Structures are given as structure tokens and as C-alpha cells.
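What follows is a single structure, written as C-alpha cells, with notes after it.
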Amino acid sequence: MARIVVVGAGVGGLATAARLAATGHEVTVFEAADTVGGKLGRYAHETPAGSFHFDTGPSLLTLPAVFHDLFEATGAKLDEYLDLAPLDPIVRHVFPDGTALDSCADPVEFTARIGAALGDRAAADWQRLWRRAERVWNASSRDILRRAVGSPRDLASLAWRVRDLAAIAPGASLRGLGRRHLSDPRLRMLLDRYATYTGADPRRAPAALVAVPYAELAFGGWYLRGGLGTLADALLSRCLELGVVVRTGATVTRIDAAGGRVHGVRLAGVAAPVPADVVVANVDALTVYRDLLPHPRRLAGLTDRSLAGFVLLLGVTGSTGLAHHNVFFPRDYNAEFDAVFGDPGRGVRARPAADPTVFVTVADDPMARPAGHEAWFVLVNAARQGTAAGAVDWRRPGLADAYADRILEVLAQRGVDVRDRLLFREVRTPADLDAATGAPGGSIYGTAGGLLRPANRGPAHGLWLVGGSSHPGGGLPMVTLSAQIVADEIGPAW
């Protein structure tokens, strides 16, 4: 039995802790915040009308089989802890010309909806792209998502068939794939959006990310009644039932790794080190390599941060008739990406996008809002917090409120004006996410840009990385799969 310390009680950390405890290890989790869940945040706002509750992180659960596997691996059933509700539509896409397209988990039905909204040619285009996406998904799920991959050499050694490689199209971009297969600019826009699921610019993101819409649309999108934050509650309960010690308000300041192997961790305000045979870091890889190891290290790609998010939490009077998830696209998607990412190589600074894509979540859940009201989570893509050319200083006085006004104005221009129906609004900037979760610059998905994230195996023996900034990537299912990979690599205690 190994003494294992998990640094961080996000979904990846809790999932790893539960898996390791279920196989006989002694596991302790240290979390700097007062609550668990990491980016799976929650916020409550009290008003005379009643309580409003928001998920301030993920609002959609995909690949439910991953979570069923997690609970079964720890001796439990997912349905004993969580109440999954399928969504239809998964997302309502509203294009610049006012056309709306509702996605769903039935490929035949979704193709019919594309035909009805965008025409028969668009539907036929989508069917061809869908067949390619299926091949990419099958190859990725078989060879990448459930095994440790730490370098291009690891990818090259996989037994991919020529047909798989042709579908994955190494070196091609997601934007290029859309231009090749989709004649309707609205469908191209829809495909581009999935690059932002990984924090990337679709003009530079790899074409293999076509697997992301396949995963969402083939296996469905789900809401957890009571909010996505209930997943954190369920994982915490499972950990405690398995004997995991979870300590919140405990900040790990250093991982002891003298002589090339881990020996434990050091906590803020505690003189004695905490011994450990294995340390699992559920914090951003940049933080691990730069701040927690005794000798800071550099790792290629860690300066290439993903996009961040600017958030409004709104209490709205009355009903607006929106779907659970709604995406309102701009006329010029390229202008948005130019603003969010900037071009540091040419000295072009990032800036708040003047006409951004606006993502609105409105949960039809009585637990989320008082009767006769709606709780809106509004998200736009944003540059990370910072002062470099590729970032924005969101702490600049007046900027956050001015940009919140602009987002509400954009929504009004796109036919959804709730400015005279607001009970309240709360603003969350990338700087706030940085402070709350330790995500460098408030980046939502950690390192972005290519197929490879930092490896799960750390630079010292006995050090492992889980979470969105490590392999296989960001998003709840990928984070949960990273926990499975690490637990399998560590192995059982017996």
C-alpha cells in the first residue's frame, strides 16, 4: 500500500483519489480552496424573489459512460449519486442571419434538422464529415484517450491504420477541414466552435478535433439535476466512503522531489513535510513545473495558453423561451479570434472582442431559480489575464463593467434583450478564475494548441499529473479519463 498525496480536489483529483483508494491505497487530498470541485464551481445569489444558483464552470456532461465506469470501478453506481437528464436540443445555434439550428444526439434527426434549416446540400455535406469524424473518434478513443501518451514518439508508435491517419489528417487544421467538407458558411461556423471546447483557435487547431462534435452528438449531452456541481459532491462522497482523507483550506507550496523521486509535499503554515510515496498533481501543469518542483523546469508548449472566458451571471425576470444551451454567432468569427488571441509575433495585442460569440445557459431546473425567473450563465471567449501582448489586464478599472454592458448590447442586437428585466448581474473575468482556481491567466482548458498535452507522468519518479492541462485534455470526460490513466499506471496496492 502506497501513501499517496493528491494535490487539488478538482474532478481529476477526486476521481483519481477514489480509484486509488478503491484499490487499497492510503490517499490524502489537499485542496487550497474551502470547497472541492475546482473549475466545477457554483455560486448562489439571494434576492427577495428567492435564490438563484449557477454553475460557474461546465454546464454540460458528455460521454456519460466515462462516469458510469468511474463509479463502477470504485464499487458504486452512478445513478445512486447523480440524476442525469438528456438534453434536446443539446445546443441551439443562432447564426448571424437569424437561422437557428438545434443539435441533438440522433445523427439521422440532426441531419434532417440541418436539411430543414440550411438545405439539402448542407445536410449531405454534414453526413460526409460525420463519417470522417466517426473514424477519427474511433481511432482516438481506441489508441489515445485511455492510455498514457507523453510525446510525438508515443503517437508515432501507435498501430494506426492508413485509413485512420487519412481521417486524422496530421498537419491539417479544423478550419481547413471545414472548408474542405462544408459548403455552407454556417456549418463551418458551427464546426469552428468546437475548437474553443479545447481552448484553441480553429484556424490553428488540429483537424483531429473533429472528434469533439462527434463525441457530443453521438453520445448526447446531459444536465445533472441540481447543477453540474453535484458531480463534485458525488465524487467527494465516494472518496470519503472509501476512506480518503480530504483536507480543504490546505495549500501545497512545494513537492519534495530530491534525488529524482518524490518524498512528499509541504503545506503553507506547516513546518513538517507530509511524507508520500506518490504525488498526484491536479493543478495546472505550468504551476507544477514552474512553482511546485524544487528546481523550476520548462516544458515546451506550456506558454501557449488556451483562451479564457468572460462571464455574466444574470437573474432574469420572466421567461425568454431559450434552450438550455444557446450560441449566438457573430458576423465575423475571424475578428473574434484575432481579438482573443492577438498576434504576439507581430506585436498585435489581444483585446476584448467587440462582437463576440455569446454562449447562454438557461437551466430549466426549479432548483436553479425561483418561480417566474431564469438564471442565466453568459460566457464569451476572452483573452487570458495578463499584461503581455497575448493577454488583457482585466483588472483595469472600469473594463469589466464596460464589457459586461457591451455583451448585453450584443445580445439585444441578436434579438434577446433582457436589460430591462435584470434583477441583478455578477461579472466574472479571467482574472477572477485565475484567483479562484489557480488556472494561470484564467485559461479554461490549460495548455492548448495541438493533440499533445503535458504527459501524465511527471519529471520525478512517483509524480503524476491529472486534469485538463495534462493528457488527454480539458473537459469533464477527458479529465476523468486522465484519472483513469494515472490510476492504472500506479496500479493497485495488492
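Just so it is clear, the values below take in all heavy atoms, side chains as well, and ignore hydrogens, waters and symmetry mates. This is a predicted model, so every value here is computed, not measured.
In this structure, T16 and A483 approach most closely via the heavy-atom pair OG1-CB, 3.1 Å. Counting all heavy atoms, side chain and backbone alike, V244 lies closest to L240 at O-CD2, 3.6 Å. L476 approaches P58 most closely through the heavy-atom pair CD1-CB, 3.8 Å. Across all non-hydrogen atoms, the minimal contact from G10 to N282 is N-OD1, 3.0 Å. Residue G220 comes nearest to A105 through the heavy atom pair CA-CB, 3.6 Å, listed as atom of the first residue, atom of the second, then distance. Shortest non-hydrogen contact noted between D256 and R266 is OD1-NE, 3.2 Å.
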Quiz item: How far apart are the C-alpha atoms of T357 and F329, what are their side-chain angles, what is the distance that settles it, and do they pass the side chain to side chain contact (heavy atoms under 4.5 Å, CB included) test?
Solution: CA-CA 5 Å; T357 302; F329 286 108; 4.1 Å; yes
Exercise. Using the side chain to side chain contact (heavy atoms under 4.5 Å, CB included) rule, take R175 and D192 through it: C-alpha gap first, then chi angles, then the decisive distance, then the call.
Key: CA-CA 6 Å; R175 169 65 64 83; D192 275 355; 2.8 Å; yes
Exercise. May I have the step-by-step check of salt bridge (charged side-chain N to carboxylate O under 4.0 Å, His left out) for R42 and D233, ending in yes or no?
Key: CA-CA 11 Å; R42 288 172 282 190; D233 295 336; 2.8 Å; yes
Exercise. Tell me, with the steps shown, if Q484 and D69 meet side chain to side chain donor-acceptor pair (under 3.5 Å).
Key: CA-CA 9 Å; Q484 178 182 334; D69 290 347; over 6 Å; no
Practice problem: Could you walk me through whether V279 and W464 pass side chain to side chain contact (heavy atoms under 4.5 Å, CB included), step by step? | Solution: CA-CA 6 Å; V279 173; W464 299 88; over 6 Å; no
Quiz prompt | Working for side chain to side chain contact (heavy atoms under 4.5 Å, CB included), residues H324 and I90 | solution = CA-CA 7 Å; H324 186 101; I90 300 172; over 6 Å; no
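The 12-atom threshold is not exceeded at CZ of R179, counting heavy atoms of other residues, nucleotides or ligands nearer than 6.0 Å. Other residues, nucleotides and ligands contribute at most 12 non-hydrogen atoms within 6.0 Å of the NE2 atom of H461.
Remark: side-chain polar atoms of H263 are paired, donor with acceptor, to backbone N or O of A258 under 3.5 angstrom. A distance-only check finds no donor-acceptor pair linking the side chain of R428 to the backbone of L433 [under 3.5 Å]. Remark: side-chain polar atoms of T248 are not paired, donor with acceptor, to backbone N or O of T35 under 3.5 angstrom. Judged purely by atom type and a 3.5 angstrom limit, H25 uses its side chain to pair as donor or acceptor with the backbone of G491. For the pair S469 (side chain) and A285 (backbone), a donor-acceptor distance under 3.5 Å is present. Here the side chain of K39 pairs a donor or acceptor atom with the backbone of I444 at under 3.5 angstrom. Counting only distance, with no hydrogens or angles, the side chain of W394 and the backbone of A383 share a donor-acceptor pair below 3.5 Å. With hydrogens and angles disregarded, no donor-acceptor distance shorter than 3.5 Å links the side chain of R128 to the backbone of L182. A donor-acceptor pair under 3.5 Å is formed between the side chain of R453 and the backbone N or O of G468. Of the possible donor and acceptor atoms, one in the side chain of D55 sits under 3.5 Å from a partner among the backbone N and O of G229.
The OG1 atom of T196 lies 10.0 Å from the CG atom of D201; values are rounded to the nearest 0.5 Å. Atom CD of E31 sits about 12.5 Å away from atom CZ of R247, to the nearest 0.5 Å. Taking OG from S443 and CG from L286, the interatomic distance works out to 8.5 Å, rounded to the nearest 0.5 Å. Here L84 contributes atom CG and L78 contributes atom CG; the two are 5.5 Å apart, rounded to the nearest 0.5 Å. How far CD1 of I490 is from CD1 of I485: 12.0 Å, rounded to the nearest 0.5 Å. Rounded to the nearest 0.5 angstrom, L70 CG and T480 OG1 are separated by 6.5 Å.
Under the 4.5 Å side-chain criterion, counting only non-hydrogen atoms from C-beta, L101 is not in contact with R186. Using a 4.5 Å cut-off on side-chain heavy atoms (C-beta onward), R146 and V66 make contact. The shortest distance between side-chain heavy atoms of S173 and R203 does not fall below 4.5 Å. The shortest distance between side-chain heavy atoms of E216 and L60 falls below 4.5 Å. Side chains of L313 and F377 form a contact here, defined as non-hydrogen atoms less than 4.5 Å apart. Taking 4.5 Å as the limit, some side-chain heavy atom of T287 sits within range of a side-chain heavy atom of P440. Side-chain contact between L61 and L82 is absent, with no heavy-atom pair separated by less than 4.5 Å. For the pair K77/E72, a side-chain contact is recorded, criterion being any heavy-atom separation below 4.5 Å from C-beta on.
R193 forms no cation-pi arrangement with F359, by the criterion of a distance under 6.0 Å to the ring centre and an angle within 45° of the ring axis.
Test D432, D393, D434 against Q385 for side chain to side chain donor-acceptor pair (under 3.5 Å) and you get one pass: D393.
Salt bridge absent: E134 and R131 never bring a charged side-chain N and a carboxylate O closer than 4.0 Å.
Residues H93 and S103 bring no donor and acceptor atom of their side chains to less than 3.5 Å of each other. A donor-acceptor pair shorter than 3.5 Å cannot be found between the side chains of E489 and N456.
Checked against a 6.0 Å centroid threshold, the rings of F219 and W137 count as neighbours. W130 has its ring centre no less than 6.0 Å from the ring centre of F110.
Between Y333 and F337, the ring-plane angle classifies as tilted under the 30° and 60° cut-offs.
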